[in-house]
*Asks:* 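One structure coming up, written as structure tokens, with questions to follow.
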Amino acid sequence: MLSDIRTTRFHLQRNEMARFADARDARVAVVSGVAWITVDGDPRDHVLEAGDSFVIDSAQPVIVFALQGPAAVELQPRPGAAPGTRAPAPRSWTSGRLRPAGAA
């Protein structure tokens, strides 16, 4: 069976992040590198390595952050999505690097 579900792949450099809104039930899959995933209001954080994935279980905004170097990450549509459905795209993308606390 051929599926027409479209996946969004994005590449982050070390300390870059992408923010997603309304991504509930989508799957975040790390293709390469290491990514930290956090969901607004959720005390759990998730660190994923290449080959790992995480299903977003909240409608709150999600941040994906590249740790330890560049990361390639895929956001796959919700299971059962209609053919041709695209995974959520980043609503905002922070291409600047984050600085550690106390850095000038």
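Please read these numbers as outputs of a predicted model, since none were measured by experiment.
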*Asks:* Between side-chain atoms of residues 57-69 and protein atoms elsewhere (two or more places apart, or another chain), which donor-acceptor pairs fall under 3.5 Å?
*Replies:*
{"residue": "Asp57", "atom": "OD1", "partner": "Arg44", "partner atom": "NH2", "Å": "3.3"}
{"residue": "Asp57", "atom": "OD2", "partner": "Arg44", "partner atom": "NH2", "Å": "3.0"}
{"residue": "Ser58", "atom": "OG", "partner": "Gln60", "partner atom": "N", "Å": "3.0"}

*Asks:* If you look only at pairs with a residue in residues 46-56, which of them pass as a salt bridge (Lys or Arg N to Asp or Glu O under 4.0 Å), with sequence neighbours excluded?
*Replies:*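 For residues 46-56: none.
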
*Asks:* For Val34 and Ala71, which heavy atoms make the closest approach, and how far apart are they?
*Replies:*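 So the minimum-distance heavy-atom pair works out to O-CB, 3.8 Å.
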
*Asks:* Under 4.5 Å between any side-chain heavy atoms of Leu75 and Ile56, yes or no?
*Replies:*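 Contact flag for Leu75/Ile56 side chains = yes.
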
*Asks:* Could you list all the ring pair (Phe, Tyr, Trp, His ring centres under 6.0 Å) pairs where at least one residue sits in residues 42-61, not counting sequence neighbours?
*Replies:*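 Qualifying pairs: His46-Phe54.
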
*Asks:* Indicate if Met17 and Val47 have the same hydrophobic cluster label, given that clusters are the connected sets of ILVMFWY residues with side-chain heavy-atom separations under 4.5 angstrom.
*Replies:*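 Same hydrophobic cluster.
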
